[in-house]
Amino acid sequence: MTASVPADLDAYLTENNDRIHDELYEFLRIPSVSARSEHKVDTARAAEWVLQSLRKAGLTAETHATSGHPIVLGEWRTAGKGAPTVLIYGHYDVQPVEPLELWSSPPFEPTVRGGKIYARGAVDDKGQLFLHIKALEAHIATRGNLPVNIIFLAEGEEEVGSDNLAGFIEKHAKELRTDAVVISDSSMFAPGLPSLLFSLRGLAYFQVDVEGPKSDLHSGSYGGAVVNPAMALARMLATLHDADARVAIPRFYDKVREWGDVVRTQIRELPFSDSEFREETGSPALGGEKGYSTLERIWTRPTCEVNGLLSGYTGEGAKTVLPAKAMAKVSCRLVPDQDPEEIGRLMQAHLDSVAPKGVTVKVMHLHGGRPWKAEPAGPLFDAARAALSAAFGREPVLAGEGGSIPVVGDFERILGAPVLLMGFGLPGENAHAPDEWLSDENFVKGMRAIAVLWEEIGTRLGTGS
Ligand code: BES
Ligand code: ZN
């Protein structure tokens, strides 16, 4: 039997639709850029805003200071005997907004155009975090209770590596004991097509500093006789891949699992077109590891990408200079069973081995996270399937994801609970980029899907009273 959205919950969300949107816009106006010290106070303000919003919904809540940004913890523990417990996780911090001039409307002034809510954090992850709070509110306001016990955990450091989160979960493992973890910090496969994720890639992020002469030099007086750090770095970066676009770091693929024909077939059956994907990115051509389709490349294969480059003169016109140093930010996306620490050691050894004489090379491992792969079956996934079908009128597809949410592996490892990744973003939503947006339709349906999810989980995972 397919579930539908219960009339009372649906009516509550409809009647309060304007207020809910106003509250979302208020949340989106807070510039909680976790990476920037000048936004430390704003980031704390966003934590406080989440705290108050949880309390208004009826949960008990408190903030926990960390050495970075605060963790907000909310609770609802009165669902009744035999009711399962669910931990909701999300993040209230956002990525920096630069380059500002590429935004069509200011990043912290939410603006609705063509059914899209534009603002930094609209989809990643404030809008998705907020829709969870409203789904809880709908239950408590209409029925006075929830069918599940809730632990609501919001952090403010996801976009900078979640340095304090694993420690917090370990320290509070007893209080955080849960039957399942639910996260909405990802996207649906296509408009109107809800999705459940079966994988996330991991991450190992590096900064590579190459230093040569003690200062910039005249490129005529010294060029050709002194090793140029920019050229040295370029040559080193060029050794990261072979001609088939495979990563050429020795032993990089040692732990990589092949996904098998079942998953490959599932992936092939999804409605996906290379040319549309190419158009969406505006890239003249697609490219990647030989022997794999685009979705396989993104979901099932590891990568090594340059995220940033800095050296020499980059201003207007020409300046004949031999730069003293060069820097690159390089990150590898990882798949099961690669380990970020081990990949860090392999990267270091490889770059040491290809560093030309005449420069010094320093590799810093900035942060990382493990890859994740789920077994998308059982009552929890059935509950999610029913909830998504009820709200979107369509069965969800199983999809992978190329991005990373490092805490997912930590939840499984520390709390021993399965994780459900149920996101409401859409392809092209510009997360981390100018003009980030959240589909209003997905926001509205997302609240309903989550409201139904608590019913479905209560029924399917509860042990009765
Ligand atoms: N929401 C994203 C993760 C994500 C990305 C899910 C793309 C679905 C699609 C998350 O906030 C994020 O951006 N994570 C970072 C990792 C972090 C360690 C900086 C990422 O993937 O780059
Ligand atoms: Zn993000």
Side-chain angles (χ1 to χ4, degrees), residues 28 32-36 43 46 68-69 89-97 107 119-132 154-166 182-190 194-207 277 280-281 295 298-299 302-308 329-335 340-341 343-344 365-374 398-411 419-434 436-439 442 446:
L28 293 175
S32 49
V33 183
S34 51
R36 293 285 156 77
T43 309
H69 302 295
Y89 161 84
H91 63 98
Y92 63 81
D93 64 323
V94 301
Q95 286 271 332
V97 293
R120 169 58 87 233
V123 66
D124 184 11
D125 176 42
K126 282 165 148 180
Q128 300 201 64
L129 172 92
F130 180 71
L131 70 83
H132 272 272
E155 72 154 322
E157 299 186 294
E158 199 274 348
E159 299 292 8
V160 288
S162 298
D163 281 349
N164 292 294
L165 192 56
V182 175
I183 302 177
S184 298
D185 186 21
S186 56
S187 297
M188 308 202 317
F189 187 73
S195 318
L196 286 168
L197 293 195
F198 58 67
S199 70
L200 289 167
R201 287 195 290 191
L203 187 68
Y205 200 113
F206 308 95
Q207 176 169 327
F277 181 76
E280 176 199 318
T281 62
L295 287 181
I298 300 172
W299 294 350
T303 64
C304 218
E305 296 283 357
V306 173
N307 298 125
K329 306 266 185 184
V330 177
S331 70
C332 301
R333 295 284 170 173
L334 310 179
V335 301
E341 297 300 324
I343 294 299
H365 192 169
L366 299 185
H367 62 67
R370 286 173 188 282
W372 171 80
K373 189 162 181 280
L398 287 175
E401 175 51 61
S404 313
I405 309 177
V407 72
V408 170
D410 296 329
F411 279 131
V419 183
L420 199 60
L421 282 163
M422 216 168 135
F424 301 103
L426 281 181
E429 69 205 358
N430 297 329
H432 296 201
E436 175 179 351
W437 54 269
L438 168 66
S439 147
N442 279 14

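The figures that follow rest on heavy atoms only: side chains count, while hydrogens, waters and symmetry mates do not. Position 1 is the first residue of the sequence; numbering continues from there. Whatever order the structure lists them in is the order used to number ligands and atoms, beginning at 1.
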Colleague: Check ring-ring contact (aromatic ring centres under 6.0 Å, His included) between His432 and all other residues, then give those that pass, not counting sequence neighbours.
Modeller: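 Scan of His432 (ring-ring contact (aromatic ring centres under 6.0 Å, His included), adjacent residues dropped) gives none.
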Colleague: I'd like the contact residues of ligand 1, where contact means a heavy atom below 4.0 Å.
Modeller: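 Near ligand 1, by chain and number: His91, Asp124, Glu158, Glu159, Asp185, Ser186, Leu203, Arg333, His367, Glu401, Gly403, Ser404, Ile405, Pro406, His432.
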Colleague: To the nearest 0.5 Å, what is the distance between NZ (Lys373) and CG (Leu200)?
Modeller: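 If I round to the nearest 0.5 Å, the distance is 12.5 Å.
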Colleague: Testing the 3.5 Å rule here: is there a donor-acceptor pair between the side chains of Asn307 and Ser331?
Modeller: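 Note: Asn307 and Ser331 side chains meet the donor-acceptor criterion.
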Colleague: If you measure from CG on Asp125 to CD1 on Ile405, what distance do you get to the nearest 0.5 Å?
Modeller: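 If we round to the nearest 0.5 Å, Asp125:CG and Ile405:CD1 are 7.5 Å apart.
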Colleague: Which N/O/S atom belongs to Glu159 and is the closest one to the Zn ion (ligand 2)?
Modeller: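 It is OE2, the N, O or S atom of Glu159 closest to the Zn ion (ligand 2).
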Colleague: Can you tell me if, anywhere in His432, an N/O/S atom lies at a distance from the Zn ion (ligand 2) that is smaller than 2.8 Å?
Modeller: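 Coordinating: yes.
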Colleague: Can you pull out every side chain to side chain donor-acceptor pair (under 3.5 Å) where at least one residue sits in residues 402-411? Sequence neighbours excluded, please.
Modeller: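 For residues 402-411: Arg333-Ser404, Asp410-Arg413.
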Colleague: With sequence neighbours excluded, what pairs up with Glu436 under the salt bridge (charged side-chain N to carboxylate O under 4.0 Å, His left out) test?
Modeller: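 Partners of Glu436 by the salt bridge (charged side-chain N to carboxylate O under 4.0 Å, His left out) criterion, ordered by chain and then number, come out as Arg120.
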Colleague: Would you call the rings of Trp299 and Phe198 parallel, tilted or perpendicular, where under 30° means parallel and over 60° means perpendicular?
Modeller: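 If you compare the ring of Trp299 with that of Phe198, the planes turn out perpendicular.
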Colleague: If I consider every N, O or S atom in Asp124, which one ends up closest to the Zn ion (ligand 2)? I only need its name.
Modeller: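 Of all N, O or S atoms in Asp124, the Zn ion (ligand 2) lies closest to OD2.
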